[in-house]
2 protein chains.
Amino acid sequence: MSIAERKERQKIELRAKILDAARMLFLEQGYEQTSIRNIADKIEYSPTTIYLYFKDKDDVFYALHQEGFALLRQFIRPLEHVSNPFERLKALAKVYTTFAMENTEFYDLMFTMPAPMNALQKEEWTEGDMAFGFLLQTIRDCQAIGYFEGMDTEVLSYTVWSMVHGICSLEIRGRCSKVLSDATHENIVAKATAQVLHILEKMNPPR
Amino acid sequence: MSIAERKERQKIELRAKILDAARMLFLEQGYEQTSIRNIADKIEYSPTTIYLYFKDKDDVFYALHQEGFALLRQFIRPLEHVSNPFERLKALAKVYTTFAMENTEFYDLMFTMPAPMNALQKEEWTEGDMAFGFLLQTIRDCQAIGYFEGMDTEVLSYTVWSMVHGICSLEIRGRCSKVLSDATHENIVAKATAQVLHILEKMNPPR
DNA sequence: ATAATTAACTTTACACCGTTAAGTAAGTAA
DNA sequence: TTACTTACTTAACGGTGTAAAGTTAATTAT
């Protein structure tokens, strides 16, 4: 039985090797520039071997997509211990933008690339749910202590996510440098995030 | 001289034909699926002819990028006559999201695709400036009547743009349908936009 | 022990892609 | 009529994702 076990192990190892190579190339050069052939070259296997482990290119990058969410979760996890809901919301926004700016390729893959969404299809996207679930709960907790009175929790959560995502997305795709003065553009992500939080705080303080 | 003029006219016509074909294919099938060869097929010229009129593929789509901004401008122009600045801001947000949802491929090209930004490089991006300039002026006008007191006009404008862009971007890339309940997802763009405007209104009403 | 089967991987090939260099045919100018 | 220019095409290079068929070695069955 040990032979079969070794083989099973080797299959898992090769799968991991493929993903390691894919991750390295992807983080260095982005999605478009990373080809199945590049990955195969890097691990010294033939390109078609990769198709024995993944359905297609999107399937490979869907695995990285999931890695991205696992990483985001690592960023978010410490915030579970922030007891004040609004402080937690503020920390969440900062951590989210930090994650995005420090892992732009991952962020792109997770939220702005058309690519591996075909792969995930109707699937559960549990990791994505978890992150959004944390935001949802945080907003709910804020409402429990008097913030955001009378607003729909789900819609508000989505809106807050949109706000912060918009900031990161515009910055990553370089649509702001063209339109802002240099002084304003410096640290614009931090400035805009602070602006959002300021607005949320002033809007509806707890009675 | 008339022959030279006719030739000049024909060159302009062919350029326009290329762009017409590119636009049709692009709006039907998106950027990745639209190839130089497809465009050439459609107009019954050889692929290489296109390179006599455009530097490369990005250069073709940069022309469409500009068309997109011209179209957005058409959407925005009527709002110049809305005298109340905050009403104008509200209308602008709605018009912007309407434009995005009715022209998702254009919107993608303009704001979320890496593609033709290489082409525009250090160039002026005047059309983009105009749209942002209108927002900037509207926010300034809002501040003149007491809204958004003490906030940096440029940062706030960028933040507002980010908010609305985030809403459109998440919707277009389908990152919300996975995470929202069906009921909330219905009309989420309109709901989230309304939410943003509600927050902006409640946050800092004029004295 | 030998034959049949299976697993893991490779070779080859197809149909695309963006782009360049060289070739061609028609029109213009000398 | 000859030389040149313009507008376009053909052919080709080096790349892509992916499917089908081939190979080789290990395992199982007889």
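Keep in mind that what you see is a predicted model, and the values were worked out from it rather than measured. First the proteins, then the strands, lettered A, B, ... as listed; each starts at 1.
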Rounding to an integer number of Å, can you tell me how far B:Glu32 CD sits from C:dC16 C1'? 13 Å
Report the distance from atom CD of A:Gln10 to atom P of D:dT27, rounded to the nearest whole Å. 10 Å
Ranking D:dG17, C:dT19, D:dT9 by distance to the side chain of B:Thr48, first place goes to D:dT9
For B:Tyr53 and C:dG18, what is the distance between atoms OH and P respectively, to the nearest whole Å? 19 Å
Take the protein atom CG of A:Asp58 and the nucleotide atom P of D:dG17, then report the distance between them rounded to whole Å. 11 Å
Close aromatic pair by centroid cut-off 6.0 Å: A:Phe26 and A:Tyr31: no
Would you state whether a donor and an acceptor, one from the side chain of B:Thr49 and one from the base of D:dT9, lie under 3.5 Å apart? no
What nucleotide among C:dG18, D:dA19, D:dT10 has an atom nearest to a side-chain atom of B:Ser46? D:dT10
Can you tell me if the side-chain N/O atoms of B:Asn38 get under 4.0 Å from OP1 or OP2 in C:dC17? yes
Round to the nearest Å and state the distance from A:Ile36 atom CD1 to C:dA15 atom P. 21 Å
Given 3.5 Å as the limit, does a donor-acceptor pair link the side chain of A:Lys202 with the main chain of B:Lys202, or not? no
With heavy atoms under 4.0 Å as the rule, sort A:Phe54 into base, sugar-phosphate or nothing. nothing
Report yes or no: is the cationic atom of B:Lys17 (NZ for Lys, CZ for Arg) closer than 6.0 Å to the six-membered ring centre of B:Tyr53, at no more than 45° off its axis? no
Touch class at under 4.0 angstrom, heavy-atom based, for B:Ser35 against every strand present: sugar-phosphate
Rounded to whole Å, how long is the line connecting atom NZ of B:Lys57 with atom P of D:dG15? 19 Å
For the base of C:dG18, is there a side-chain donor-acceptor partner from B:Arg37 under 3.5 Å away? yes
Assert: residue with more 5' nearest nucleotide on DNA chain D, out of A:Pro47 and B:Pro47, is B:Pro47
Which of these, B:Phe111, B:Phe75, B:Phe106, sits in a ring-ring contact (aromatic ring centres under 6.0 Å, His included) with B:Phe99? B:Phe75
Distance check needed: D:dT16 P versus A:Gln29 CD, whole Å only. 10 Å
Side-chain donor-acceptor pair present, A:Ser162, A:Thr159, cut-off under 3.5 Å: no
Could you check whether B:Leu52 gets within reach of a base, just the sugar-phosphate, or nothing at all, counting any heavy atom under 4.0 Å? base
Find the distance A:Glu44:CD to C:dT10:P and express it as a whole number of Å. 11 Å
Residue matched to C:dA30 through Watson-Crick or wobble contacts both under 3.5 angstrom: D:dT1
